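Structure record follows, encoded as structure tokens.
Because the structure is predicted, anything quoted here is derived from the model rather than measured. Residue numbers start from 1 in every chain, and the chains themselves are labelled A, B, ... in the order their sequence lines are given, proteins ahead of strands.
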Amino acid sequence: MANPNNSKDKGQAGAATEPSQTTNFIRTMIDEDLRTGKHRTIVTRFPPEPNGYLHIGHAKSICLNFGLARDYGGRCHLRFDDTNPAKEDMEYIDSIKDSVHWLGFDWGGDLYNASDYFGQLYAWAEELIQKGKAYVDDLTAEQIREYRGTLTEPGTESPFRDRSAEENLDLFRRMRSGEFPDGCRVLRAKIDMASPNMNLRDPVMYRILHASHPHTGDEWCIYPMYDYAHGQSDSIEGITHSICTLEFEDHRPLYEWFLDALGIYAPRQIEFARLNLTYTVMSKRKLLELVREGYVTGWDDPRMPTIVGMRRRGYTAEAIRAFCERIGVGKNDSWIEMGVLEDCVREDLNQRAPRAMAVLNPLRMVIENYPEGLHEEFDALNHPNDPSMGTRKVPFSREVSIEAEDFLEDPPKGFFRLAPGREVRLRYAYIVKCTGVVKDEVTGEIVEIRCTYDPDSRGGSAADGRKVKGTIHWVSATHAFPAQVRLYDRLFSVQQPGSDKGGADWKACLNPDSLKIIDTCRMEPGLAQAAPGSLFQLERQGYFSVDAKDSTPGAPVFNRIVTLRDSWTKSGA
RNA sequence: UGGGGGAUCGUCUAGCGGCAGGACUGCGGACUCUGACUCCGCCAACCAAGGUUCGAAUCCUUGUCCCCCAGCCA
């Protein structure tokens, strides 16, 4: 079968995403800056730290920043905020680039690293020292914390705060030359130890770290803190609108202090609320913990909210973009319901996924009046609402497998599938009537359904025009092939597993049924050749993808992306 | 008790002194060879109290609640 997953086939460089249809407070601010002539064009940036894999929360930021650049005809830079070599890795850098591209965005030639500016940042640090605005502090990390004061009490000044510019410069240069061990001294901005804003109580600018950096190798043994590097990096790149999350709101005065002290261009920083999604966690620390401790199989486990995980599960870039567009941007702490994301994938997959039939939990059905040894083929629509997707042949024979839950010996009111004496349509095939049930003599379990078929209903429609309410999917027992299906469900069983603060409780909320592996599934023959990564709707079940990692030629493994809406089981039956 | 933010249907989000709109969810119905899709309809909100105004979600005052900040993390 053809692979309809064309999201991966679009050229990366030319990937075009659709313009936003809605406005938000950031766009209002940009409109204002453009209207007043403050800027003629805009430059945004997506600045990840390469210390983990991107997740759906990053996707929100990516869609926001690249989307703004797209809609205003500006640019969006990809910049790695790689100021802490102790935590960063090339593996993450590659993965992040790949995920941004996969999502459909392109930074063109604007790929940067904070580490590109280490030289400039260092020169500026010397400048601040010379201006008496920075000093080398010999206090230990512990002491610095004690001297910082508390939220309600001012801090106290370090005894090293008033060293001369000459002494500071000498010490700082010796820090840089590797004369001192890690942690023995830091460079601090001389601002105000009594500031009500903790960020302004002489923040650390540089620390000694004898670590090899993914980009600069062993060139440096002192590294700038994020707070010292970020604002200037934006400034150097001429970022017009520096969009970040809420927790950096009270860092803004610090960024502005550095920019002002240096007398360089100041971008406008705008903060928005980060994404929270129900039934999952979003913090890198927690995701890393799930990976390290084996609660999931890796960063790309289909249950992870990571881009690589969602991609492997079968989410399309289009669906994720639609989601980011739909949830909007604001400053309220909010929790988006998982149902919104699920609706976005269904909406996208409903259009693009060809249909197929597979029986997850097979129950044998024998059609008593169907000739032994006879095989027929029926034409099935690949998409009921899109004739351009064509048809396929599905083989039929005397013995078929149907979904166990489609038969009930004693059906409740409103159940219109199969039951003793009742008729049901085998999709695209025949109308059959249940004539009996065969049970295991010891367990009493139903092992087989006996039916007769109506030869005049070939293709599924009764010659006499009678209505048959129920239509069920099936596979020919003699033609079907077995395949593994992985039924994924929400990773956590509570809505806000991440809201319990630093507690360890969150892992107790993991959903024990987030993955059910079924090896007894029977699929229609055509599915055997399904390409890795391809997407299908298994009729009446849900949307599935062929796992790109564990499938082998002729033996596809199916991941359930999301179920179909189901107003029957939901009705409580 | 310091500083910085935020409060609009169940959940998100528009609104910028002039009819509180949209999406998701929920409920009801139509259609149906997927109990899917699609279509139609319904339920559902301005944190509170004052004030300004012909008119307030919007402006002012006071209060309440929630989030963030005391890393040599970002």
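- Nucleotides B:rC47 and B:rG6 are separated by 12 Å at their C1' atoms, to the nearest Å.
- For the pair A:N350 CG and B:rA36 P, the interatomic distance rounds to 12 Å; values are reported in whole Å.
- Using a 4.0 Å heavy-atom criterion, one finds that A:I327 contacts the sugar-phosphate atoms exclusively.
- Rounded to a whole Å, the OH atom of A:Y147 is 16 Å from the P atom of B:rG71.
- For B:rG21, the paired nucleotide is B:rU13, the pair qualifying as Watson-Crick or G-U wobble because both relevant distances are below 3.5 Å.
- When the side-chain nitrogen and oxygen atoms of A:R285 are compared with OP1 and OP2 of B:rC73, none of them lie within a distance under 4.0 Å.
- Taking 4.0 angstrom as the limit, A:N332 places a side-chain polar atom (N or O) nearer than this to OP1 or OP2 of B:rA7.
- What separates CD1 of A:I336 from P of B:rU13 is a distance of 6 Å, to the nearest Å.
- Between the side chain of A:Q541 and the base of B:rU34, no donor-acceptor pair under 3.5 Å is found.
- Phosphate proximity of B:rA74 to A:T83: present, with a side-chain N or O under 4.0 Å from OP1 or OP2.
- A salt bridge does not link A:R540 with A:E403: none of the charged nitrogens is closer than 4.0 Å to a carboxylate oxygen.
- The six-membered or imidazole ring of A:F396 lies near that of A:F378, with a centre-to-centre distance under 6.0 Å.
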Base versus backbone protein contacts along nucleotides 16-32 of chain B [heavy-atom cut-off under 4.0 Å; B, S, -]
-------SSSS-----B
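- An OP1 or OP2 oxygen of B:rU34 is reached within less than 4.0 angstrom by no side-chain nitrogen or oxygen of A:R417.
- The ring of A:F248 has its center closer than 6.0 angstrom to the ring center of A:Y226.
- Under the 3.5 Å distance criterion, with hydrogens and angles disregarded, no donor-acceptor pair is assigned to the side chains of A:Q537 and A:E539.
- Between the C1' atom of B:rG5 and the CG atom of A:N199 lies a distance of 14 Å, rounded to the nearest Å.
- Side-chain proximity of A:N84 to B:rG2, B:rU34, B:rC73: nearest is B:rC73.
- At whole-Å resolution of the value, CG in A:L254 and P in B:rG4 are 16 Å apart.
- The distance from atom CZ of A:F272 to atom P of B:rG4 is 22 Å, rounded to the nearest whole Å.
- Aromatic ring centroids of A:Y53 and A:Y92 lie under 6.0 Å apart.
- Looking only at atom types and distance, the side chain of A:T316 has a donor-acceptor partner in the side chain of A:D348 under 3.5 Å away.
- Of the N and O atoms on the side chains of A:S242 and A:R45, at least one donor lies less than 3.5 Å from an acceptor on the other residue.
- Contact between the side-chain N/O atoms of A:N197 and the OP1/OP2 oxygens of B:rG2 is not found at any separation under 4.0 Å.
- Here B:rG2 sits opposite B:rC69 as a Watson-Crick or G-U wobble pair (both hydrogen-bonding atom distances under 3.5 Å).
- Across all strands, A:G542 comes closer than 4.0 Å to no nucleic acid atom at all (heavy-atom distances).
- Distance, A:W335 CH2 to B:rC12 P: 10 Å, rounded to whole Å.
- Rounded to whole Å, atom C1' of B:rG3 lies 13 Å from atom CZ of A:R252.
- In this model, the phosphate group of B:rG2 is not approached by any side-chain N or O of A:S195 to a distance below 4.0 Å at OP1 or OP2.
- In summary, the aromatic rings of A:H213 and A:F118 are positioned with their centroids under 6.0 Å apart.
- As rounded to the nearest Å, B:rC12 and B:rG28 have C1' atoms that lie 24 Å from one another.
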